[in-house]
**Student:** 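To start, I am sharing the structure in question, which I have written as C-alpha cells.
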Amino acid sequence: MTDPTTRTDASIPATAPAHAHGRQPVTGPAPVPGARFALGAALLGFFVITLDALIVSVALPAIGSDLGGGISGLQWVVDGYTLMLAALLFSAGSVSDRIGAKRAFGLGLVLFLPASTVCGLAPTLGVLVAARLVQGAGAAVMMPATLALIREAFPDAERRTRALALWAVGGSVGSAAGPLVGGALAGWDWRWIFFINLPVGLLALVLLGRAPSSPRRSVPFDVVGQVAAVAALGALTYALIEGGQAGFASARIVGALVLAVAAAAVFLVRQARGRAPMMPLDLFRSRPVVASLVAGFALNVGFYGVTFLFSLYFQTFRGMSAAVTGLLFLPMTLQSVGVSFVSAAATRRFGAKATMVAGQVAMGAGLVVLCLLPATVPVWVVALALMPVSFGGTLAVPAMTGLMLGSVPAERAGLASGVLNTLRQVGGTVAVAVYGALVTAGPFTASMRTGLIAAAGLLAATAALGALRARTPRT
C-alpha cells in the first residue's frame, strides 16, 4: 500500500488540469534554475523515508537473534521511528517555512544519515532504538521540505503536478521495495538495511547542493503544543508496548498512561486557546474531515499491523528465511502501483467517499480472511490472502486524501493534510504497540487472530461512520 505520509501546501493542486483532447503544451512560468535537482533530491528523500518505515519489519527476527530484547524490544525498533515521525510532523512544516525548505531538508538528512550509521553499528538494542528515534526526527523534518522544494522549483501548476507525480513514484517504490530489500539484506546481515540509506542520502545531498535557494518566512511555532504531543504519544506508546509484559496494572504502566492523558489534555487546551494551533479543533466540525481522519487512522492500524505480525509469523511460526519472507510480501506490495490508478478511476466514477468506504471494507474483509486460514495452509496462500489488505488501503488512501482536502478551504489544505498524515502515523505506531503486546501476553496465533479481528472491527466502524456522513460533492 503506498503510504503518502506528507504534509501538502495549499498552493499544490490536488489533481492535474484536465484536457479534453490530449496533453496541451505548458505555457505557464518556466521552472526555476536547478529545479530538476530539487525534484531529484525530494524524490530520493521521500523514497528513503518510506523505505525505512517498512524495511525493518522483515529483519526483526534477525535483529532479535543478534541483540536480544524480546518482542517488546523489537516493537521499539519499529515504533521508535514512526513515533518521532508522527509526533514531529505537526510542527515540521513550520520549521521548513522558518529556515527555508532547502535548509530544512539538509538538516533532516544531517540527522537521518548519521543515525542510520549508528543503527547499522549498534552494539545493543538500546543504542539501535535511540538511533531509530533520531532517524524518525530527521524524517519528520525532511518530509514537508520535500514538497516545499517542489512547490518553489515549479511555479507553474501543471509542471508542478507532473513533478509531484514523479515524487510520488519515490514513495511507491520505497513502499514496494521495503519488505523485499529488507528480507534480502537481513538474510545476509541485518545491519545493511540501515547502511543502504547512506548512498541514497549522500546522492540526495549532492543534488540538494545544486537546487535553488529557498526563502524564509516568519511563521509561528507552538513549542508547548509540540512538547505535549511528543510526551503524549511517547507515554502512550511506552504503556502499550511495555504493558504486554509488565501488566497494565503495574505502577509504571499506570503512570505512563496518566502522563499520556495529562499531556494530551495540555495539547488539546493549547490547540483550543493558542494563537497558532498546529491542529485547529474546528477542523473536527466538518463531517467529511472527521470521516477522513478516523479512516486514515484505521487504515494504518490494519496495514502496519499486518506487516509487523506477518513478518514474525512467516519467520518464527512457519520457519521461512528473511529472504523468502520478503518475497512473500511481494504480491501485496507490488499491486499498489496499479491499484492507485483504479482508485483514481473509482473516485471519478463513484465519488471520493464511496471509494474510501469501499477500500476500508476491502481491507477489513481481507483481515477476516487471514483470521480464517487454517494453521497448515501453504505460505503462498497466505501471501495471496494478504493482497486484499493492500488493495483496500491503496484504494482508500487517495480518495480519503481527496475527500479531506476537498472539505477544507484552500488556505488550510496544508494544515489539514498535516493533521491527516500525523494521525495515520499514530495509527501505525499504535498498531505495532498493541499487536506486540497481544502476542507477548498469549499464544502467537491466537493473539494474532485477536489483533486482526480487532482491526477489522475498527475498519468496519470507521467505514460505517464514513457511509453515514452527510453527502458531499465528488472530489
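The figures that follow rest on heavy atoms only: side chains count, while hydrogens, waters and symmetry mates do not.
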**Student:** Parallel, tilted or perpendicular, judged at 30° and 60°: which one describes the rings of Trp192 and Phe195?
**Tutor:** perpendicular

**Student:** I need the Ile193 CD1 to Arg191 CZ distance, nearest 0.5 Å.
**Tutor:** 10.5 Å

**Student:** Flag the pair Val58 / Gln315 as yes when at least one side-chain heavy-atom distance between them is below 4.5 Å, and no otherwise.
**Tutor:** yes

**Student:** Main chain of Ala295, side chain of Thr462: is a donor-acceptor contact present, judged purely on distance under 3.5 Å?
**Tutor:** no

**Student:** If we only count heavy atoms from C-beta on, is the Val382 to Phe314 side-chain gap below 4.5 Å?
**Tutor:** yes

**Student:** Nearest 0.5 Å, what's the CE-CG distance between Met400 and Leu420?
**Tutor:** 4.5 Å

**Student:** Short question: side chain of Gln75, backbone of Ala433 - any donor-acceptor pair under 3.5 Å?
**Tutor:** yes

**Student:** Do Pro179 and Leu330 touch side chain to side chain, with heavy atoms closer than 4.5 Å?
**Tutor:** no

**Student:** Measure across Ala232 and Ala263 and return the closest heavy-atom pair with its distance rounded to 0.1 Å.
**Tutor:** N-CB, 3.5 Å

**Student:** Arg318 versus Phe310: any side-chain heavy-atom pair under 4.5 Å?
**Tutor:** no

**Student:** Counting only N and O atoms by type, is there a donor-acceptor contact under 3.5 Å from the side chain of Thr146 to the main-chain atoms of Met143?
**Tutor:** yes

**Student:** Within the distance-only criterion (no hydrogens, no angle test), does the side chain of Arg132 pair as donor or acceptor with the backbone N or O of Val77 below 3.5 angstrom?
**Tutor:** yes

**Student:** What's the spacing between Thr355 OG1 and Arg349 CZ if we round to 0.5 Å?
**Tutor:** 10.5 Å

**Student:** Could you tell me which non-hydrogen atom of Leu299 sits nearest to which non-hydrogen atom of Gly393, and how far apart they are?
**Tutor:** CD2-CA, 4.2 Å

**Student:** Out of the candidates Val141, Thr117, Val134, Asp52, only one should pair with Phe112 under the side chain to side chain contact (heavy atoms under 4.5 Å, CB included) rule; please name it.
**Tutor:** Asp52

**Student:** Which one of Val127, Leu128, Ile63 satisfies the side chain to side chain contact (heavy atoms under 4.5 Å, CB included) criterion with Cys119?
**Tutor:** Leu128

**Student:** Could you go step by step and tell me if Val397 and Phe303 meet the side chain to side chain contact (heavy atoms under 4.5 Å, CB included) rule?
**Tutor:** CA-CA 12 Å; Val397 167; Phe303 180 74; over 6 Å; no

**Student:** Does Thr394 use its side chain to pair, donor to acceptor, with the backbone of Phe391 at less than 3.5 Å?
**Tutor:** no

**Student:** Do the side chains of Ile453 and Leu367 get nearer than 4.5 Å, heavy atoms only?
**Tutor:** no

**Student:** Taking Gln226 for its side chain and Ala87 for its backbone only, find out whether a donor-acceptor pair lies under 3.5 Å.
**Tutor:** yes

**Student:** From Tyr313 OH over to Met320 CE, what is the distance, rounded to the nearest 0.5 angstrom?
**Tutor:** 9.5 Å

**Student:** In Å, rounded to the nearest 0.5 Å, how long is the span from CG of Leu205 to CZ of Arg210?
**Tutor:** 14.5 Å

**Student:** Does the Tyr435 side chain pair with the main chain of Gly451, one donor and one acceptor, at a distance under 3.5 Å?
**Tutor:** yes

**Student:** So Arg103 and Leu107, side chain to side chain contact (heavy atoms under 4.5 Å, CB included) or not? Walk me through it.
**Tutor:** CA-CA 6 Å; Arg103 295 181 186 88; Leu107 173 62; over 6 Å; no

**Student:** Can you check side chain to side chain contact (heavy atoms under 4.5 Å, CB included) on Leu327 and Trp380, steps first, answer last?
**Tutor:** CA-CA 10 Å; Leu327 289 173; Trp380 64 267; over 6 Å; no

**Student:** For Ala186 and Ala322, which heavy atoms make the closest approach, and how far apart are they?
**Tutor:** CB-CB, 3.8 Å

**Student:** Using the ring of each side chain (for Trp, its six-membered ring), is Phe317 parallel, tilted or perpendicular to Phe444, with breaks at 30° and 60°?
**Tutor:** parallel

**Student:** Within the structure provided, determine whether Tyr304 and Thr429 are in side-chain contact (heavy-atom separation under 4.5 Å).
**Tutor:** no

**Student:** Does the side chain of Phe329 come within less than 4.5 Å of Ser311's, by heavy atoms?
**Tutor:** yes

**Student:** From Leu85 CG over to Arg424 CZ, what is the distance, rounded to the nearest 0.5 angstrom?
**Tutor:** 11.0 Å

**Student:** Tell me, do Val369 and Pro388 make a side-chain contact under 4.5 Å, heavy atoms counted?
**Tutor:** no

**Student:** I'd like to know whether Phe267 forms a side chain to side chain contact (heavy atoms under 4.5 Å, CB included) with Leu233, so could you lay out the CA-CA distance, the side-chain angles of the two residues, the decisive distance to 0.1 Å, and finally the verdict.
**Tutor:** CA-CA 11 Å; Phe267 176 78; Leu233 186 55; over 6 Å; no

**Student:** Could you report the tightest heavy-atom contact between Ser116 and Gln135, atom names first, then the distance?
**Tutor:** OG-NE2, 2.8 Å

**Student:** Please give me the minimum heavy-atom distance between Val389 and Gly302, naming the atom from each residue.
**Tutor:** CG1-O, 4.5 Å

**Student:** Taking all atoms of both residues into account, what is the closest heavy-atom pair of Gly392 and Ala362, and its distance?
**Tutor:** CA-CB, 3.9 Å

